[in-house]
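Positions are given from 1 along the sequence.
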Amino acid sequence: MTTDTPSADAAEQTGSAVAVRYQPKTRAFRRYTYLYALASLGMILLYGSMTIILLPVHVQQLEFAHVFTGADAQIHLHDLNVLKEQVDAGKVTPTAEQHRLLGLLNKFNSSRATSLSLVTTVGVIITMLIQPVVGLMSDRTRSRWGRRAPWIAAGGVAGAAMVALLPIVPSLAVLVVVYSLTLLVTGSGQGPLMATVVDRVPENRIGTLSTVTGVIVYLGGIGGSVIAGSLFAAVGLATYFPLAVALLLTSLCFVLLARDRSSRDLAVEPLRIRTFLASYVQALGDRDFRWAWVAKVLFFIGFGIANVYALYMLQSYVTPALSEKEAAQTAPLMQLAGLPAALIGMVVSGRWSDKIGRRKPFVVSASIILAVSFLIPFAWPTVPAMFVQAVVGGFGLGVYIVVDQALFIDLLPHRESAGRDLGVATLGQNLGQALGPILAGLVVASSGGAYGPVWPIGFVLVLLAGLIILPIKRVR
């Protein structure tokens with residue numbers, strides 16, 4: 001088996017950190033790029049399928065069984081949403097029984113929104129608390145496979161096992177626990193995988209590799225939702241199983257075929273509690289890194305609040321309303337509609353930002369574009385408007401994914417501790433993804449089950465995220 005062990009023409013020693021440093025335009029670098037993309041794809045397929053389709057549907061089914069009991073359990077949700085549309089439009093005067101059912105529908109809309117926020121938020125909070133520690137430990141790991149490989153392999157194996165448990169979860173409380181553990185173990189592999197870019201990739205290729213990663217992230221998110229939407233109609237929640245297999249295989253392929261140098265002789269200082277705790281805040285002591293981190297948090301709060309209920313909006317916000325199966329099949333199509341624009345944004349922005357040596361204009365512009373896209377379905381609550389938002393927002397998100405990653409790598413305060421500091425950067429994204437659903441749940445609950453108000457709030461937050469990038473001085 002050919003591996004990426006060091007060779008004179010392919011890699012060089014990277015100082016005190018034992019790692020393969022690839023030379024550009026070599027076979028070893030190309031192989032690493034392909035395998036890095038594959039490992040990223042396995043993780044993103046899982047996240048895309050869970051966040052867009054499987055988790056919302058899973059929560060919806062559990063909440064429906066909780067709210068609609070006895071004879072009401074035979075009610076069809078789509079029929080009830082159609083009745084609500086007709087009543088709201090003044091076309092139908094509800095009977096006493098219909099009025100009771102509409103009251104249950106409002107309760108259901110609020111409870112599923114709150115429950116989805118709870119499941120999503122707890123999982124993300126647990127993950128964000130552990131990510132910097134995993135990054136710190138991966139910086140210090142001694143093994144014959146290098147510093148990062150043990151974490152990537154463990155994340156793939158344990159993550160696949162946890163995903164396989166999700167279809168048999170019987171209650172919301174158990175779902176919170178299992179989903180949180182799933183994010184925890186898969187995230188323990190994702191951070192060290194990202195840190196291999198700093199370890200191995202030449203600085204003048206980081207933006208280009210970020211483009212590759214960004215494309216994979218976007219394609220994987222769409223692919224995961226498309227796969228989940230298609231399989232759900234046939235096998236229901238058993239859709240989790242093939243995604244678990246994909247995560248396992250792609251992670252192990254990277255570890256086995258893109259091998260690093262041994263880190264057994266890596267010199268590390270004894271780990272102290274103070275060092276352990278400092279891993280959460282040390283990078284944030286750098287002014288520019290801190291501005292970028294706050295911007296990332298706000299960006300993903302706004303993105304999360306506007307996108308966490310995509311499936312529910314297709315059932316209860318747009319006119320005409322869709323059924324559960326129609327919504328599960330339509331939500332991935334919206335992502336697919338935004339793909340061409342996103343790809344253009346990724347490909348152009350990564351190379352362009354490398355060429356001119358600038359990151360800030362791209363991140364600011366991407367934030368403004370995504371923010372403006374949120375106003376489209378707010379002003380025009382229809383399925384076509386949701387597709388238009390996906391296209392416009394897809395371009396902005398594509399630019400952001402690529403250049404923001406390169407921006408954080410450029411701003412690393414301590415490159416020898418890249419795993420720790422990139423874990424803190426990921427913590428910012430996770431924090432935003434945790435707070436977004438919480439805020440969305442509060443907005444929907446306080447508005448009596450209405451989903452429309454989340455759009456203008458998302459607009460303000462993402463716009464503010466773009467403006468906060470401006471004070472950064474160390475990177476143009």
Could I get the full list of side chain to side chain donor-acceptor pair (under 3.5 Å) partners for [X], not counting sequence neighbours?
X      : value
Gln329 : none
Gln190 : none
Glu326 : Ser323
Asp88  : Lys84

pair [X]-[Y]: side-chain heavy atoms closer than 4.5 Å:
X      : Y      : answer
Pro242 : Leu231 : yes
Ile52  : Leu311 : no
Leu166 : Leu175 : yes
Thr186 : Met162 : no
Ile227 : Ser49  : no
Gln98  : Leu83  : yes

Salt bridge (charged side-chain N to carboxylate O under 4.0 Å, His left out) pairs touching residues 176-198, sequence neighbours excluded, are none
So, taking the atom named [atom1] in [X] and the one named [atom2] in [Y], what distance separates them when rounded to the nearest 0.5 Å?
X      : Y      : atom1 : atom2 : answer
Ile369 : Leu397 : CD1   : CG    : 11.0 Å
Ser111 : Leu118 : OG    : CG    : 12.0 Å
Ile152 : Thr196 : CD1   : OG1   : 5.5 Å
Leu46  : Thr250 : CG    : OG1   : 9.5 Å
Ser367 : Leu463 : OG    : CG    : 8.5 Å
Leu105 : Ser316 : CG    : OG    : 6.0 Å

Can you say whether the rings of Phe303 and Phe300 are parallel (under 30°), tilted (30 to 60°) or perpendicular (over 60°)?
perpendicular
Are there over 12 heavy-atom neighbours, none belonging to Phe387, within less than 6.0 Å of that residue's CZ?
yes
Please indicate whether His78 has more than 12 foreign heavy atoms, meaning atoms of other residues, nucleotides or ligands, lying under 6.0 Å from its NE2.
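Atom NE2 in His78 is packed in, count exceeds 12.
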Apply side-chain hydrogen bond (donor to acceptor under 3.5 Å, both in side chains) to residues Ser349 and Tyr400 and explain how you reach the verdict.
CA-CA 9 Å; Ser349 63; Tyr400 185 89; over 6 Å; no
Can you list every pair that meets side-chain hydrogen bond (donor to acceptor under 3.5 Å, both in side chains) and has a residue in residues 444-455, with sequence neighbours left out?
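Non-adjacent pairs meeting side-chain hydrogen bond (donor to acceptor under 3.5 Å, both in side chains): Arg112-Tyr451.
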In short, side-chain hydrogen bond (donor to acceptor under 3.5 Å, both in side chains) pairs touching residues 294-315 with sequence neighbours left out are Ser117-Tyr309, Lys296-Asp404
Do the side chain of Thr330 and the main chain of Ala327 share a donor and acceptor less than 3.5 angstrom apart?
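Not at all, since once roles are kept as given, no pair shorter than 3.5 Å links the two residues.
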All pairs passing ring pair (Phe, Tyr, Trp, His ring centres under 6.0 Å) where residues 145-197 contributes a residue, at least two apart:
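Listed by first then second residue: nothing to list.
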Hey, could you give me each pair passing ring pair (Phe, Tyr, Trp, His ring centres under 6.0 Å) that has a residue in residues 219-253? Not counting sequence neighbours.
none
Checking Thr114 now: which residues fulfil side chain to side chain contact (heavy atoms under 4.5 Å, CB included) with it, not counting sequence neighbours?
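Thr114 satisfies side chain to side chain contact (heavy atoms under 4.5 Å, CB included) with Ala445 once adjacent residues are dropped.
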Once side chain to side chain contact (heavy atoms under 4.5 Å, CB included) is applied, do any residues pair with Pro384, and if so which ones, sequence neighbours excluded?
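Partners of Pro384 by the side chain to side chain contact (heavy atoms under 4.5 Å, CB included) criterion, ordered by chain and then number, come out as Trp380, Thr382.
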Shortest non-hydrogen contact from [X] to [Y]?
X      : Y      : result
Phe378 : Pro456 : CD1-CD, 3.6 Å
Glu85  : Pro320 : OE2-C, 3.4 Å
Ala440 : Val308 : CB-CG1, 3.9 Å

Asp72: which residues meet the salt bridge (charged side-chain N to carboxylate O under 4.0 Å, His left out) condition with it, sequence neighbours left out?
Arg100
Determine whether the side chains of Ser225 and Gln335 contain a donor N or O and an acceptor N or O closer than 3.5 Å.
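The answer is no; no qualifying pair exists.
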